[in-house]
*Asks:* 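Encoded as structure tokens, here's the structure I'll be asking about.
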Amino acid sequence: MSNFLLITGASQLLTLRGRAPRRGSALADLGIIRNGALLVRDGKIAAVGARAKIEALPEATAAEKMNLGGRVVLPGFVDSHTHLIHAASRAEEYEMKIAGASYEDIARKGGGILNSVKKLRAATSDALKQRAHRALRQFAAYGTTTIEAKSGYGLDLSSELKILRMHKELAAEQSLDIVSTFLGAHLVPPEYRRALSGTKGYIELLTEQLIPEVAQEKLAEFCDVFCDRGAFTLAQSNQVLEAGKRHGLAPRVHAEQLKHTGATKLGVKLGAASCDHLEQVNSRDIAALAKSQTVATLLPGCDFHLGLKQYAPARKLIDAGTIVALATDYNPGTSPTVSMPLILSLACSQLRMTPAEAITAATINAAYALRRDDRIGSLGVGKFADLAVFDVADYREIPYYFGVNTCWMTIKRGVTVYAADKATI
Ligand code: NIG
Ligand code: FE
């Protein structure tokens, strides 16, 4: 027998229905229904519309009822860029940054990504998993229902495979969806820096052993590369992403974060699902993105945490017609946050996006970046009942209250996974 749930009492129901992905002025279209209701059947949306209409449906009578008391409902956030699995914070580097050391100064002193690699290799699987579970509960508490998760703090065969297998285990052990990305090309690990084969040898390990194994075991859908000063060059990035493609892993790229490298053009050429960061993009990159299906994923949490003044040119990207998404980039080095509402606040105040544009970028466009806009990121018939309920009367108050968690309830496939009233965290 089917299991019906009738949800009423949404002062604003942000459906995000219609054409996906959204570009240009369409980013402001939230498809709002005032005094809206949803009928959920077996975890999927069976009907959506004005309350009177949905309540009148024959299935509504016997359905379980949930009244949201005039709050705002939107699709659960899709956080399309995270580095979920890591062993510990890098609070010691935070102090160095405040004192004036740059991200790259710290990396040169053996800190940065390699600090996290050392910590991860020394950690037990249990400890890594416990930390990830805690983060996943926190993601849910801020209204996120799907995350992408990258490997990249293992950087050897066994540790990278361990992280990717953990993505799968975590997906089975809790409610949020986890979309797995292989980021073996995050940095060259220390043992290869000392070896004669150097970077070339490490790229061989990635392209000839790790990528085939990851694909064979179906441990990831995407292959990512950190193409930047101090990480991988354009040619090396191309090699890794091409190898990923040959094995069925769709490309995505960390592009133009610290320095302009041409990674955006490479991403577009390879048909990447997304190019992420983009603080240093130029007008030619923007034009190339605008003509493509590659999503421009902006990560303002990094610039905020690192105290950098140059945010990605969101207005130019939107006005040129690129598909813009927003994500946390949850990681211990540049963006230790799980809060999509805080990212929306930064997008509004620093990137000059409107609240409506920011919400679109964090839902339907982010779902498109993960190639899942047919299932998540909007509230239409047949989509998953993945919902975030905010204790506000107007959606603009979600970014307006910065650093305050107004998320009141999170629902994943029709099941409540977070309720502020019952929260113990
Ligand atoms: O997305 N830029 C590369 N990767 C991460 C940072 C990783 C780290 O510092 O640990 C990022 O910003
Ligand atoms: Fe990242």
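All ligand and atom numbering here is 1-based and tracks the order in the structure. FYI, side chains are in, hydrogens and waters are out, and symmetry mates aren't considered; it's all heavy atoms of this structure. Just so it is clear, the model here is predicted, and its values are computed rather than measured.
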*Asks:* Under a 3.5 Å distance rule, please check whether S80 uses its side chain to pair with a backbone N or O of A327 as donor and acceptor.
*Replies:*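 No.
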*Asks:* Could you verify whether a donor N or O on one side chain and an acceptor N or O on the other, from R17 and S378, lie under 3.5 Å apart?
*Replies:*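 Side-chain D/A pair, R17 to S378: absent.
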*Asks:* Could you go step by step and tell me if H86 and Y330 meet the ring pair (Phe, Tyr, Trp, His ring centres under 6.0 Å) rule?
*Replies:* CA-CA 10 Å; H86 52 266; Y330 169 64; 5.1 Å; yes
*Asks:* Near H254, which atoms of ligand 1 are under 4.0 Å from a heavy atom of that residue?
*Replies:* 1 (O), 2 (N), 3 (C), 4 (N)
*Asks:* For ligand 1, which atoms sit closer than 4.0 Å to a heavy atom of H81?
*Replies:* 1 (O)
*Asks:* Measure the distance from atom 2 (N) of ligand 1 to every protein heavy atom, then report the residue, atom name and distance (to 0.1 Å) of the closest one.
*Replies:*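 In this structure, atom 2 (N) of ligand 1 has Q257 OE1, 3.0 Å as its nearest protein heavy atom.
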*Asks:* So if I count the atoms of ligand 1 from 1 in the order they appear, which ones are less than 4.0 Å from some heavy atom of R90?
*Replies:* 8 (C), 9 (O), 10 (O)
*Asks:* Is the contact between H86 and ligand 1 made by the side chain, the backbone, both, or neither, using heavy atoms and a 4.0 Å cut-off?
*Replies:*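 Neither; nothing of H86 gets under 4.0 Å from ligand 1.
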*Asks:* Do E148 and K150 meet the salt-bridge criterion of a basic N to acidic O distance under 4.0 Å?
*Replies:* yes
*Asks:* What protein heavy atom lies closest to atom 10 (O) of ligand 1? Include the residue and the distance to one decimal.
*Replies:* Y153 OH, 2.6 Å
*Asks:* Restricting to N, O or S atoms, which atom of D329 is closest to the Fe ion (ligand 2)?
*Replies:* OD1
*Asks:* Do the ring centers of H186 and Y153 come within less than 6.0 Å of each other?
*Replies:*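 That pair passes the under 6.0 Å test.
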*Asks:* Can you list the atoms of ligand 1 that are under 4.0 Å from a heavy atom of I113?
*Replies:*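 Checking each atom against I113, I get 7 (C), 8 (C), 9 (O), 10 (O).
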*Asks:* Any cation-pi pair here, R413 with F384, using under 6.0 Å and within 45°?
*Replies:* yes
*Asks:* Quick check: are there more than 12 heavy atoms from other residues, nucleotides or ligands sitting under 6.0 Å from NZ of K44?
*Replies:*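 Atom NZ in K44 is not crowded, with 12 or fewer foreign heavy atoms closer than 6.0 Å.
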*Asks:* Ignoring angles and geometry beyond distance, decide whether T334 reaches within less than 3.5 Å of ligand 1 through its nitrogen or oxygen atoms.
*Replies:*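 In this structure, T334 places an N or O atom under 3.5 Å from an N or O of ligand 1.
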*Asks:* Nearest heavy-atom pair of P355 and Y395: which atoms, and what distance?
*Replies:*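 Result for this residue pair: CB-CE1, 4.1 Å.
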*Asks:* Determine whether a donor-acceptor pair (N or O, by modelled atom type, separation under 3.5 Å) exists between the side chain of T297 and the backbone of D276.
*Replies:* no
*Asks:* At the Fe ion (ligand 2), what's the angle from H83 NE2 to H254 NE2, rounded to 10 degrees?
*Replies:*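 That angle is 110°.
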*Asks:* For atom 11 (C) of ligand 1, what's the nearest protein heavy-atom neighbour? Residue, atom name and distance, please.
*Replies:*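 For this ligand atom, the closest protein heavy atom is D329 OD2, 3.1 Å.
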*Asks:* Looking only at protein heavy atoms, which one is nearest to atom 4 (N) of ligand 1, and how far off is it?
*Replies:* H186 NE2, 2.9 Å
*Asks:* Which protein non-hydrogen atom lies closest to atom 9 (O) of ligand 1, naming both residue and atom, and how far is it?
*Replies:* Y103 OH, 2.4 Å
*Asks:* Is there an N/O/S atom in C302 at a distance below 2.8 Å from the Fe ion (ligand 2)?
*Replies:*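 No, C302 does not qualify, because none of its backbone or side-chain N, O or S atoms lies under 2.8 Å.
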*Asks:* For H83 and ligand 1, answer yes if some heavy atom of the residue is under 4.0 Å from a ligand atom, otherwise no.
*Replies:* yes
*Asks:* Could you label the plane-to-plane angle of the H254 and H277 rings as parallel, tilted or perpendicular, counting under 30° as parallel and over 60° as perpendicular?
*Replies:* tilted
